[in-house]
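Quick note: numbers below take in every heavy atom, side chains included, and nothing from hydrogens, waters or symmetry partners. These numbers were taken from a predicted model, which means no experiment stands behind them.
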Amino acid sequence: MNEIKQWTFGITISAIVGAVILFLAPEGATEKLVRAAVSLFLMCAILSPFLSNADPMKILNGIELPETQSVPSANDEAAEHLQNEIKEKISDILEECGIKNADIRISINIENGNEMKIESVQIFAEKSYENQFEIAEKNLKNQLGIETKIGVKK
């Protein structure tokens with residue numbers, strides 16, 4: 001870890017010195033030459049662990065990265081996103097049929113590590129919308145291919 005601190009300190013000092021030199025450089029053709037030299041100087045400072053006898057892997061070996069479980073969390077996030085998208089579309093279709101504030105519950109199963117399958121969709125709405133349930137069920141089937149039965153909220 002100390003090697004990384006030294007390396008970043010060297011890059012910082014190099015950048016400061018380079019900025020001062022560029023500030024003091026005269027304009028014109030000389031400025032281009034100075035700018036190229038400062039750029040090369042900074043490049044060498046950045047690449048110094050790789051250009052010297054230092055083992056760059058030694059620097060990287062000192063860093064311990066925490067173990068992450070990115071695959072399961074990514075699958076969970078993807079399932080949650082899919083669930084939210086489907087809920088939004090179902091809600092839009094229900095509102096087109098005159099049904100508002102319905103409770104929509106979707107169960108998604110992740111198979112083979114990355115394959116998502118909708119297991120069930122449950123929809124519950126107020127009893128006052130009961131006469132629109134059949135039309136909404138048909139629209140859900142036609143527009144989304146989801147076969148569901150809408151129930152009354154308790």
Side-chain angles (χ1 to χ4, degrees), residues 1-20 22-23 35-36 38-52 54-154:
M1 196 64 161
N2 193 29
E3 291 90 3
I4 293 175
K5 286 181 184 177
Q6 289 176 347
W7 182 45
T8 55
F9 182 73
I11 292 171
T12 304
I13 295 299
S14 300
I16 293 170
V17 169
V20 170
L22 285 174
F23 180 72
R35 191 173 295 276
V38 168
S39 298
L40 184 62
F41 177 67
L42 283 174
M43 184 80 67
C44 288
I46 292 170
L47 297 175
S48 64
F50 302 100
L51 298 175
S52 67
D55 183 12
M57 294 314 290
K58 181 181 175 188
I59 293 172
L60 298 176
N61 286 341
I63 300 173
E64 290 186 30
L65 299 174
E67 289 186 29
T68 60
Q69 296 179 352
S70 60
V71 175
S73 65
N75 285 342
D76 293 342
E77 286 180 28
E80 185 177 330
H81 179 72
L82 176 63
Q83 192 175 39
N84 290 336
E85 289 291 319
I86 293 171
K87 278 184 181 180
E88 190 175 309
K89 289 182 182 187
I90 289 173
S91 183
D92 290 344
I93 293 170
L94 292 175
E95 285 187 24
E96 287 174 6
C97 297
I99 301 173
K100 298 181 193 257
N101 300 326
D103 289 336
I104 303 167
R105 299 177 192 152
I106 300 172
S107 176
I108 296 177
N109 187 20
I110 301 174
E111 298 174 349
N112 300 328
N114 61 358
E115 204 173 290
M116 288 185 232
K117 181 179 179 183
I118 299 173
E119 286 187 338
S120 66
V121 176
Q122 298 175 333
I123 302 171
F124 298 98
E126 299 290 330
K127 185 163 179 71
S128 60
Y129 300 119
E130 198 168 19
N131 56 349
Q132 287 109 328
F133 285 4
E134 189 176 327
I135 295 168
E137 290 168 358
K138 286 181 184 177
N139 284 350
L140 288 168
K141 175 70 174 163
N142 291 337
Q143 292 182 32
L144 299 178
I146 297 174
E147 186 117 10
T148 187
K149 191 81 173 147
I150 301 174
V152 176
K153 280 185 185 179
K154 295 181 181 178

- Message: Take a 6.0 Å sphere around CG of N101 and say whether it holds more than 12 heavy atoms from other residues, nucleotides or ligands.
- Response: no
- Message: Quick one: does any side-chain atom of Q83 pair with a main-chain N or O of I108 as donor and acceptor, under 3.5 Å?
- Response: no
- Message: Distance check, rounded to the nearest 0.5 Å: M43 atom CE versus I46 atom CD1?
- Response: 6.5 Å
- Non-neighbouring partners of E126 that pass salt bridge (Lys or Arg N to Asp or Glu O under 4.0 Å), sequence neighbours left out: K153
- Message: Rounded at 0.5 Å granularity, tell me how far CD1 in I16 sits from OG1 in T12.
- Response: 6.5 Å
- Item | Any donor-acceptor N/O pair, S91 side chain to K87 backbone, under 3.5 Å | no
- Query: Which distance, rounded to the nearest 0.5 Å, do you find between the CD1 of I106 and the CD1 of I86?
  - Reply: 5.0 Å
- In Å and rounded to the nearest 0.5 Å, what is the CG to CD1 distance from L140 to I93? 5.0 Å
- Message: Would the distance check show the side chain of T148 and the main-chain N or O of V121 forming a donor-acceptor pair, the cut-off being under 3.5 Å?
- Response: yes
- Query: Under the side chain to side chain donor-acceptor pair (under 3.5 Å) test, which residues partner E119, sequence neighbours left out?
  - Reply: S107, N109
- Query: Take atom NZ in K89; do more than 12 heavy atoms of anything else shown fall under 6.0 Å from it?
  - Reply: no
- With sequence neighbours left out, the residues meeting salt bridge (Lys or Arg N to Asp or Glu O under 4.0 Å) with K138 are E134
- From Q132 atom CD to E96 atom CD, the distance as rounded to the nearest 0.5 Å: 13.0 Å
- Query: Can you name the side chain to side chain contact (heavy atoms under 4.5 Å, CB included) partners of Q122, sequence neighbours left out?
  - Reply: R105, F124
- How close do A136 and I150 get, heavy atom to heavy atom, and via which atoms? CB-CD1, 3.6 Å
- Non-neighbouring partners of K127 that pass side chain to side chain contact (heavy atoms under 4.5 Å, CB included), sequence neighbours left out: E130, V152
- Go through E80 and N84 one step at a time and tell me if the side-chain contact (heavy atoms from CB on, under 4.5 Å) criterion holds. CA-CA 6 Å; E80 185 177 330; N84 290 336; 4.0 Å; yes
- Under the side chain to side chain donor-acceptor pair (under 3.5 Å) test, which residues partner K141, sequence neighbours left out? E147
- Message: Working note: I99 + I123, criterion side-chain contact (heavy atoms from CB on, under 4.5 Å); need CA distance, chi angles, decisive distance, verdict.
- Response: CA-CA 11 Å; I99 301 173; I123 302 171; over 6 Å; no
- Nearest heavy atoms of F133 and A125, plus distance in Å: CE1-CB, 3.7 Å
- Message: Could you measure the distance from the CD1 atom of I135 to the CG atom of L94? Nearest 0.5 Å is fine.
- Response: 12.0 Å
